[in-house]
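Residue numbering restarts at 1 for every chain, and letters A, B, ... go by the order of the sequence lines.
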Amino acid sequence: MTHIAKPKVRHPGLERNAAGLTRRDYEGSMSTLCAGCGHDSITAAIIETFYRLGIPPERVAKLSGIGCSAKTPAYFLGQAHGFNGVHGRMPALATGAGAANRELVCIGISGDGDSLSIGLGQLSHAIRRNVNMLYIIENNGVYGLTKGQFSASADIGSKSKRGEPNRQRPIDPVFLALTLGATFVARSFSGDKKQLVPILEAAIAHDGFALVDVVSPCVTFNDHEASTKSYRHTRERDRPVVVADFVPPATEITASYEGGSVRDVTMHNGSVVRFRKVPEDYDPNDRDAVYAYLRERQQAGELPTGLLYIDPDADEMHEVCETLEAPLHNLPFEDLCPGREALAEIQARFR
Amino acid sequence: MPRGNPAAARPQRRSATRSNDFAVKIATVNGTGSASANSLLLQAIFRMGVPVSGKNLFPSNIQGLPTWYEIRASGEGHTARADAFDIFVAMNPATYERDIAEVRPGGWVLHDSSWPLAQSLRRSDVQFLGIPLAKMCVDRFDRSRERILMKNIGYLGALAALLEVEVPVVEQLLEENFGRKKALLDSNFEAFRMGYDYATEHFDGPLPIRLERMDANGDAILIDGNTAAALGCVYAGATVAAWYPITPSTSLVDAFTGFCRSYRVDPETKRNRFCILQAEDELAAAGMVLGANWAGARAFTATSGPGISLMSEFIGLAYYAEIPSVFFDIQRTGPSTGMPTRTQQGDLMPVVYASHGDTKHIALLPADPRECFEFAVHAFDLAERFQTPVFVVSDLDIAMNDWVVPALAWDDAYRPDRGKVLDAQQLEDIQNFSRYLDVDGDGIPYRTLPGVHPNGAYFTRGSGHDAYGKYTEDAGPYTEVVDRIARKVASAATVVPAPEVEKTRRARYGVITVGGCRRAVLEARDRLKKQGIALDYMRVRAFPFHDDVAAFAASHELTFVVEQNRDAQLRTLLMVEAGVPADKLASVRAYGGQPLGAGEVVAGVLDHLGRASQRAAGGAA
């Protein structure tokens with residue numbers, strides 16, 4: 001069994017969001033992942049995010065590929081459609097679903113094996129196409145379901161549980177996304193829900209492809225002493241260098257911040273991403289500067305996290321395709337079929 | 001024949017003039033613009049009311065390799081690929097030898113006499129008609145590209161004179177094609193006249209094979225299968241297409257794009273009522289089609305054999321997770337890359353059983369462009385009704401060549417069959433929705449779309465699941481679902497297009513064929529009948545097979561199975577899926593990559609019967 005239904009016990013006094021729903025309405029079935037798995041913390045952050053945004057669950061499509069990460073859509077938003085596809089091919093399913101119904105909030109959950117090995121091509125092209133979706137990589141450096149092989153994100157020198165070191169260069173999804181022209185790039189840590197939730201809120205508000213790489217330790221196969229994706233190692237290196245708050249549309253901004261410059265980025269839906277506590281001269285709109293900064297910090301042995309780069313104005317897939325504002329899947333047939341007279345007109349060309 | 005050369009032999013007028021019964025083959029170099037001249041000739045014959053076909057035998061190359069175009073006119077309506085050619089237009093010195101060898105005895109070779117033709121190439125049983133096209137084009141045209149292009153219109157002019165193609169018909173076509181570019185139109189007129197006048201002055205024309213206006217085409221159209229299939233997708237209401245370029249399927253999506261731009265742009269906002277995604281590969285294309293159908297759009301892809309191989313994993317997912325999806329497989333010569341611009345029917349079994357594990361799919365098997373249009377519409381209805389992938393299995397010959405077919409018909413009362421999809425109100429009332437439960441006992445469950453109602457939520461998965469959509473690794477719940485799916489797909493046999501049948505009284509033998517073999521088989525049947533061999537005819541038009549298929553085979557002593565692949569895939573399917581005993585089925589195959597001709601079918605049948613009678617004689621002795 002990979003899911004166990006949760007008992008539906010509800011306290012009448014539970015807090016409700018703008019949609020009149022409680023946090024419980026955003027939960028899914030019980031996780032069957034290992035106790036302490038980073039993925040479960042990400043699941044909790046997703047539940048919190050959707051609750052805060054007040055998005056009715058049925059407007060969401062949850063998609064995944066294959067692997068431990070792929071199981072997680074069952075554990076949140078039980079009232080949303082889920083699609084557990086084939087390995088590394090979730091981006092294509094999400095692209096198609098989004099093409100058919102652009103009103104769906106598409107959220108893709110992937111892992112480092114699913115995204116950076118078998119699915120590297122599809123990830124790259126979803127970025128290139130700027131598909132409007134939130135794409136989370138639950139990154140643990142290891143293949144969990146097949147019991148502990150290195151994945152493409154494993155760092156050089158990181159050791160397997162048996163003590164063998166990885167000797168191949170890692171593929172870093174953040175650098176990859178920046179290089180490919182991704183319009184929203186973030187990195188976080190499953191152990192830092194406070195940072196992760198506003199990032200996810202902003203990612204959902206973003207019109208286009210939002211990549212969120214979340215280091216999510218595998219307690220069973222990659223949380224040991226010599227692993228670079230363990231809880232301990234990640235905590236030691238994690239530098240939340242970019243702190244961004246998410247301010248929903250039509251909310252009065254009242255909080256004041258001490259010191260440092262504050263920079264607001266307004267999203268298409270009217271929400272605001274407020275960057276504070278960013279390094280001096282850090283510009284989250286300047287792709288090259290962000291890349292250079294991250295590279296420098298990485299070489300200094302740090303793991304810089306936060307909402308690292310954003311371009312809220314790039315055209316997403318439907319803008320490029322000049323698709324109708326209304327979703328295609330339920331257009332009236334009369335608007336789609338040219339009819340008998342037109343067929344006669346068309347056939348005149350073939351006589 | 002050249003008048004200036006009294007030594008040349010007189011044409012052999014062995015028989016009286018034959019009208020509307022000839023085949024021309026034009027040999028050129030690809031990339032030199034001959035396609036337009038060849039197509040003009042085809043259209044002109046069509047407009048003269050004469051049944052005609054054009055077969056483009058082209059290389060997988062953009063410029064510089066040999067290419068041929070065959071035109072067969074047949075007042076009797078036999079428009080399968082010709083078995084022999086009366087006239088060769090030999091414009092490519094690189095293939096002179098094989099081209100000249102291919103002309104039937106008593107035929108003609110029209111060649112460019114700007115340069116002398118080697119004596120070694122000459123045949124005494126063929127007339128050589130030399131016309132200095134290159135020389136005349138250099139004299140008349142200034143630009144180098146024009147000098148090359150106009151040679152083609154030059155031989156068109158010569159053919160018009162030799163075959164009595166009506167000049168006003170050609171002029172009208174030139175007007176329609178180039179009317180908007182005055183200079184180009186003038187050049188075309190001049191080149192046409194140049195060839196026409198030269199042939200009139202120098203050759204003893206018209207030839208004893210010639211055209212005569214008739215009225216056999218009625219309201220027919222001249223169209224290729226990919227264009228017709230694309231039109232079917234537009235009319236069926238498909239809104240999402242995802243694809244990866246591959247010959248010979250590319251022109252289907254190109255045509256779909258063109259029709260959408262004409263008929264699917266919102267007049268007010270100028271925004272598109274369609275979304276066409278050129279994917280990064282066939283895997284992604286298939287995934288996008290599944291995703292879009294899952295979300296409720298009618299979505300399709302068009303590909304060829306190599307693409308089907310790549311899409312197989314997603315095809316299995318669509319089958320098991322029961323996601324409607326439409327795949328056009330425009331077959332080409334395999335295996336592997338094979339011969340990308342040559343035709344074959346090598347994907348029958350790969351399509352029917354596509355993907356690992358137990359899978360079996362609905363496949364529609366059109367014979368010509370008209371059926372490509374009709375089956376495209378059927379495919380979307382069947383896919384949604386049965387919640388499964390549906391294949392339209394065409395081939396390069398059908399897809400890329402122009403065929404004369406009856407006009408396409410459309411009933412404005414048509415509405416798509418969206419199958420069992422629960423709407424918000426139904427979901428509000430249902431409370432407990434189970435995705436894979438056989439509620440109605442017909443093997444077809446109810447489905448829901450994302451974005452509609454929280455009660456409709458379920459987890460679509462390719463992993464083991466039970467009737468409630470929940471993950472399972474238990475034998476009972478697993479087999480319950482896969483057995484139901486098998487029943488569901490099998491039940492499509494009575495709904496898919498029924499076989500086409502033509503019977504004779506008391507025929508001992510039958511013939512079963514498929515797809516684009518149709519016209520060759522029907523012609524072969526006529527010819528065999530003249531030799532006293534009567535054949536009942538059946539063409540399967542879909543898989544799973546209709547019950548009539550097995551009954552047809554059972555009612556004949558022997559049934560010939562005509563198809564275009566090496567391994568007799570249709571015959572195997574008839575044995576395995578319709579239960580026809582092997583000894584009741586004799587295989588006739590052609591798989592060299594060219595469209596099937598009636599001669600090959602006749603030869604195949606006679607060969608079997610000859611061997612059978614030898615065996616009988618041997619047994620008696």
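- At least one side-chain heavy atom of B/Leu449 sits less than 4.5 Å from a side-chain heavy atom of A/His329.
- Heavy-atom distances place no part of B/Arg298 under 4.5 Å from chain A, backbone and side chain included.
- Heavy-atom distances place both the backbone and the side chain of A/Pro338 under 4.5 Å from chain B.
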- Candidate pair B/Leu277 and A/Met317, rule side-chain contact (heavy atoms from CB on, under 4.5 Å), full reasoning: CA-CA 9 Å; B/Leu277 300 163; A/Met317 181 179 80; 3.7 Å; yes

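- Considering only heavy-atom pairs separated by less than 4.5 Å from chain A, the leading option among B/Tyr263, B/Phe314, B/Tyr235 is B/Tyr235.
- Considering every non-hydrogen atom in both A/Cys321 and B/Ile276, the closest pair reads SG-O, 4.4 Å.
- Each of A/Thr323, A/Leu328, A/Asn330 was evaluated against B/Thr239; a single residue qualifies, A/Leu328, per the side chain to side chain contact (heavy atoms under 4.5 Å, CB included) test.
- Distance alone, capped at 3.5 Å, places no donor-acceptor pair between the A/Gln79 side chain and the B/Asn455 backbone.
- Residues B/Arg415 and A/Glu334 form a side-chain contact, since some pair of their non-hydrogen atoms from C-beta on lies under 4.5 Å apart.
- A/Phe83 and B/Trp294 have tilted rings, their planes meeting at an angle from 30° to 60° on a 0 to 90° scale.
- The candidate with the highest count of non-hydrogen atom pairs below 4.5 Å against chain A, out of B/Gly316, B/Ala407, B/Ala299, is B/Ala407.
- Both the backbone and the side chain of B/Leu283 come within contact range of chain A, judged by heavy atoms closer than 4.5 Å.
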- Message: B/Glu280 vs A/Arg129, test: salt bridge (charged side-chain N to carboxylate O under 4.0 Å, His left out). Steps then yes/no.
- Response: CA-CA 10 Å; B/Glu280 55 270 33; A/Arg129 218 168 263 123; 2.9 Å; yes

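- In this structure, chain A has a heavy atom under 4.5 Å from the side chain of B/Phe373, while its backbone stays farther away.
- With a 4.5 Å cut-off on non-hydrogen atoms, A/Met90 does not touch chain B at all.
- In this structure, chain B has a heavy atom under 4.5 Å from the backbone of A/Ala80, while its side chain stays farther away.
- Using a 4.5 Å cut-off between heavy atoms, B/Ala236 contacts chain A through its backbone alone, with no side-chain atom that close.
- Looking at B/Gln278, only its backbone comes within 4.5 Å of chain A, counting heavy atoms on both sides.
- Proximity to chain B is absent for every atom of A/Glu103, based on heavy atoms less than 4.5 angstrom apart.
- Interface residue B/Thr448: backbone and side-chain heavy atoms are both found under 4.5 Å from chain A.
- Note that the CZ atom of A/Arg89 and the CG atom of B/Leu290 stand 13.0 Å from one another [nearest 0.5 Å].
- With rounding to the nearest 0.5 angstrom, the CZ atom of B/Phe459 is 4.5 Å from the OG atom of A/Ser64.
- Looking at B/Val240, only its side chain comes within 4.5 Å of chain A, counting heavy atoms on both sides.
- Looking at B/Ala409, only its backbone comes within 4.5 Å of chain A, counting heavy atoms on both sides.
- Crowding of B/Asp219 atom CG: a count of heavy atoms from other residues, nucleotides or ligands under 6.0 Å exceeding 12.
- Contact annotation: the side chain of A/Leu336 approaches that of B/Arg264 to within less than 4.5 Å [non-hydrogen atoms, C-beta and beyond].
- A donor-acceptor contact shorter than 3.5 Å links the side chain of B/Asp412 to the backbone of A/Arg340.
- Interatomic distance, CG of B/Leu408 versus CD1 of A/Ile346, reported as 9.0 Å (0.5 Å rounding).
- Residues B/Pro454 and A/Pro57 are not in side-chain contact: their nearest non-hydrogen atoms beyond the backbone lie 4.5 Å or more apart.
- Heavy-atom pairs under 4.5 Å with chain A peak, among B/Ala321, B/Cys260, B/Ala286, B/Gly296, at B/Gly296.
- At a 4.5 Å heavy-atom cutoff, the contact between B/Tyr458 and chain A is made by backbone and side-chain atoms alike.
- A donor-acceptor pair under 3.5 Å is absent between the side-chain atoms of B/Asp266 and the main chain of A/Leu324, judged by distance alone.
- In this structure, chain B has no heavy atom under 4.5 Å from any part of A/Pro91.
- Side-chain contact annotation: B/Thr460 with A/His81, donor-acceptor N/O pair under 3.5 Å absent.
- The residue among B/Lys270, B/Glu176, B/His453 with the most heavy atom pairs within less than 4.5 Å of chain A is B/His453.
- Both the backbone and the side chain of B/Ala284 come within contact range of chain A, with heavy atoms under 4.5 Å apart.
- Atom OH of B/Tyr414 has more than 12 heavy atoms from other residues, nucleotides or ligands within 6.0 Å.
- Looking at A/Leu331, the atoms closer than 4.5 Å to chain B (heavy atoms on both sides) all sit in the side chain, from C-beta outward.
- Ranking B/Val265, B/Leu317, B/Thr269 against chain A, the residue ahead of the rest is B/Leu317, based on heavy-atom pairs under 4.5 Å.
- Ranked by heavy-atom pairs shorter than 4.5 Å toward chain A, the options B/Gly287, B/Ala295, B/Pro450 are led by B/Pro450.
- Of the atoms belonging to B/Val452, it is backbone heavy atoms, and not side-chain ones, that fall under 4.5 Å from chain A.
- Between B/Arg271 and A/Glu319, the closest side-chain pair of non-hydrogen atoms falls below 4.5 Å.
- With hydrogens and angles disregarded, a donor-acceptor distance shorter than 3.5 Å links the side chain of B/Arg47 to the backbone of A/Arg351.
- Annotation for A/Phe333: atom CZ counts as buried by contact number, over 12 foreign heavy atoms lying within 6.0 Å.
- To the nearest 0.5 angstrom, B/Cys275 atom SG is 11.5 Å from A/Glu322 atom CD.
- When heavy atoms are compared at a cutoff of 4.5 Å, B/Ala285 does not approach chain A at all.
- A 4.5 Å side-chain heavy-atom check between A/Arg349 and B/Ile223 finds every atom pair outside the cut-off.
- You'll find the side chain of B/Asp402 stays beyond 4.5 Å of the side chain of A/Phe350, heavy atoms only.
- Residue A/Glu341 holds its CD atom at 15.0 Å from CH2 of B/Trp410, rounded to the nearest 0.5 Å.
- The number of heavy atoms from other shown groups lying within 6.0 Å of OH (B/Tyr244) does not exceed 12.
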